[in-house]
Amino acid sequence: MRDRERLLAPVPVLVALATLAVVTRAVLSLPRSAEGLYGPVAEAAARAGISNRVTAVLLDFRGYDTLLEIAVLMLATVAVLSLREDPRQLYRRLSERATPVLAALTRILVPLAFVVSVHLVWIGSSQPGGAFQAAAVLGATGILLSLSGYARPQWVGRTAMRSILAVGLLTFIGIAVLAMVAGGALLEYPEGTRKTLMLVIESLLTLSIGASLASLFLSSASGDSERDGR
Amino acid sequence: MSTTVLYPLLGAALFALGVWGLLARKHLIHKVIAANFLGSGVFLVLIGLAGRTAGADPDPVPLAMVLTGIVVTVALTALALALIKRYYSATGLDTLEPAEEAEQ
């Protein structure tokens with residue numbers, strides 16, 4: 001057993017060096033200057049009236065990628081929620097109490113972060129921003145709230161939380177299918193409704209992704225009481 | 001050396017480091033970190049190659065792919081960590097080796 005281990009010891013280094021050689025060679029063999037899809041995307045984005053080209057690619061030209069990506073994120077969330085040690089709690093408080101400074105900071109930061117998040121969705125069609133960036137801010141806000149001892153409000157029940165998690169993906173699928181019913185292909189938004197539909201999808205996606213990022217963290221993190229062994 | 005060459009080369013190095021980590025490290029958390037290195041390497045290659053449009057804005061398609069990839073990486077990492085946590089609380093092990101071998 002020990003001999004076998006000693007024999008196999010250099011294998012990872014060799015595989016890694018071979019990988020490095022192949023990828024380096026591949027990268028260096030590419031042309032130094034390439035337009036890629038810049039031209040066609042810029043043209044199509046201008047026609048669609050969406051000046052942020054990355055947003056246009058994400059939600060329109062390669063909508064499939066984004067749709068499936070949200071599905072992956074939702075699947076992971078469902079899996080992580082099912083793996084919880086204590087399935088009664090959808091969200092656990094990470095801390096029993098916050099110090100006065102942290103509590104005051106949280107009260108200032110949370111509304112600010114919420115405004116930033118809405119702003120990021122709104123400007124997403126023309127400037128850097130969009131659902132994912134906004135959702136990252138929203139998810140971090142949820143984690144901050146939990147770290148500073150704020151619990152999920154009583155009126156937000158399990159069903160409400162799960163609906164928030166699901167609404168983004170369901171709306172996205174719904175609009176994709178409706179576009180097909182309206183005469184186009186799947187995900188082919190009818191002309192003239194593009195910007196509105198994308199804003200609707202982005203807003204709801206932000207809520208869902210934010211909730212899912214927060215729950216991915218909170219459902220597997222250990223709180224105060226667990227760490228103290230109480 | 002321009003960033004369109006430097007970033008992909010750094011990305012290749014990160015990728016190789018990730019491959020080494022996945023194979024050589026036994027601790028499961030180390031493997032998750034290695035997988036993240038691997039992913040970041042791919043992102044760095046894509047970001048670097050997106051900038052090859054001489055003078056113009058970068059090619060938006062690789063950028064969108066990276067943005068998608070980051071979210072998938074987050075999902076992968078969270079799921080892996082949750083599985084490792086359950087595995088640890090069920091077996092007390094942090095590697096996939098049988099217990100008597102891990103102690104040696």
Side-chain angles (χ1 to χ4, degrees), chain A residues 1-2 9 11-13 15-24 26-28 30-39 41-42 45 52-58 61-62 65-66 68-70 72-77 79-81 83-85 130 132-133 135 209 212-213 216-217 219-220 222, chain B residues 2 4-5 7-25 34 38 41-42 45 48-87 89 101 104:
Chain A
M1 205 63 209
R2 305 240 61 174
V11 170
V13 176
V15 175
L17 285 178
T19 315
L20 180 64
V22 170
V23 180
T24 307
V27 163
L28 289 178
L30 288 168
R32 285 285 179 279
S33 177
E35 282 292 302
L37 290 170
Y38 176 77
V41 169
N52 182 350
R53 300 187 195 101
V54 177
T55 304
V57 170
L58 275 177
F61 312 145
R62 294 192 64 90
D65 285 4
T66 309
L68 291 176
E69 160 201 6
I70 307 304
V72 167
L73 189 63
M74 285 310 127
L75 270 177
T77 311
V80 169
L81 287 177
L83 282 168
R84 273 168 306 156
E85 312 258 342
F132 299 103
Q133 292 85 337
I209 300 173
S212 114
L213 289 178
L216 282 179
F217 180 87
S219 56
S220 50
S222 307
Chain B
S2 75
T4 56
V5 180
Y7 287 178
L9 287 184
L10 281 175
L14 268 181
F15 187 85
L17 202 58
V19 169
W20 172 81
L22 267 183
L23 293 174
R25 305 306 292 241
L38 224 142
V42 175
V45 170
L49 294 181
R52 292 180 303 160
T53 48
D57 287 343
D59 183 358
V61 175
L63 297 188
M65 284 164 75
V66 169
L67 202 48
T68 305
I70 291 172
V71 177
V72 173
T73 309
V74 168
L76 168 95
T77 308
L79 180 56
L81 290 177
L83 280 171
I84 292 171
K85 210 179 164 217
R86 274 316 280 268
Y87 175 73
S89 67
E101 263 186 68
Q104 283 173 11

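The chains referred to below are lettered A, B, ... by the order of the sequence lines, with proteins before strands, and numbering in each begins at 1.
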With chain B, the option among A/Val72, A/Val41, A/Val23, A/Val54 that has the most non-hydrogen atom pairs under 4.5 Å is A/Val54
What part of B/Thr77 lies closer than 4.5 angstrom to a heavy atom of chain A: side chain, backbone, both or neither? neither
The interface call for A/Leu75 against chain B, heavy-atom contacts under 4.5 Å, is neither
Go through the atoms of B/Pro62 and report whether side chain, backbone, both or neither lie under 4.5 Å from a heavy atom of chain A. neither
Pick one of side chain, backbone, both or neither for A/Ile70, based on which atoms fall under 4.5 Å of a heavy atom in chain B. neither
Look at B/Leu79, B/Leu81, B/Asp57 and state which one has the largest set of heavy-atom pairs under 4.5 Å with chain A. B/Asp57
N/O donor-acceptor pair under 3.5 Å between A/Thr66 side chain and A/Leu58 backbone: yes
For chain A, find which of B/Ala82, B/Ala13, B/Gly21 contributes the most heavy-atom pairs closer than 4.5 angstrom. B/Ala82
Name the option with the most non-hydrogen atom pairs under 4.5 Å to chain B; the candidates are A/Gly130, A/Ala79, A/Pro31. A/Pro31
Within a 6.0 Å radius of atom CE on B/Met65, are there more than 12 heavy atoms belonging to other residues, nucleotides or ligands? no
Heavy-atom count check: over 12 atoms from other residues, nucleotides or ligands less than 6.0 Å from B/Tyr7 OH? no
Do you know which of B/Asp59, B/Leu22, B/Leu49, B/Leu83 has the most heavy-atom pairs under 4.5 Å to chain A? B/Asp59
Please identify, among A/Thr24, A/Thr77, A/Val11, A/Leu17, the residue contributing the most non-hydrogen atom pairs under 4.5 Å to chain B. A/Thr24
Between B/Phe15 and A/Val22, is there a side-chain heavy-atom distance shorter than 4.5 Å? no
If you tally heavy-atom pairs under 4.5 Å between each of B/Leu23, B/Leu17, B/Thr68 and chain A, the highest tally belongs to B/Thr68
Let me know if A/Arg32 has heavy atoms under 4.5 Å from chain B in its side chain, its backbone, both or neither. both
Report yes if some heavy atom in the side chain of B/Val19 is under 4.5 Å from a heavy atom in the side chain of B/Leu38; otherwise report no. yes
Greatest number of heavy atom pairs closer than 4.5 Å to chain B - which of A/Ala45, A/Ala56, A/Ser33, A/Ala135: A/Ser33
For B/Ala75 and A/Leu73, work out which heavy atoms get closest and say how close. CB-CD1, 3.9 Å
Measure the shortest side-chain to side-chain distance between A/Val15 and B/Trp20 over non-hydrogen atoms and say whether it is less than 4.5 angstrom. no
Can you give me the closest heavy-atom contact between B/Leu14 and B/Gly41, atom names plus distance? CB-CA, 3.8 Å
B/Arg86 and A/Arg84 have their tightest heavy-atom pair at NH1-O, 3.1 Å
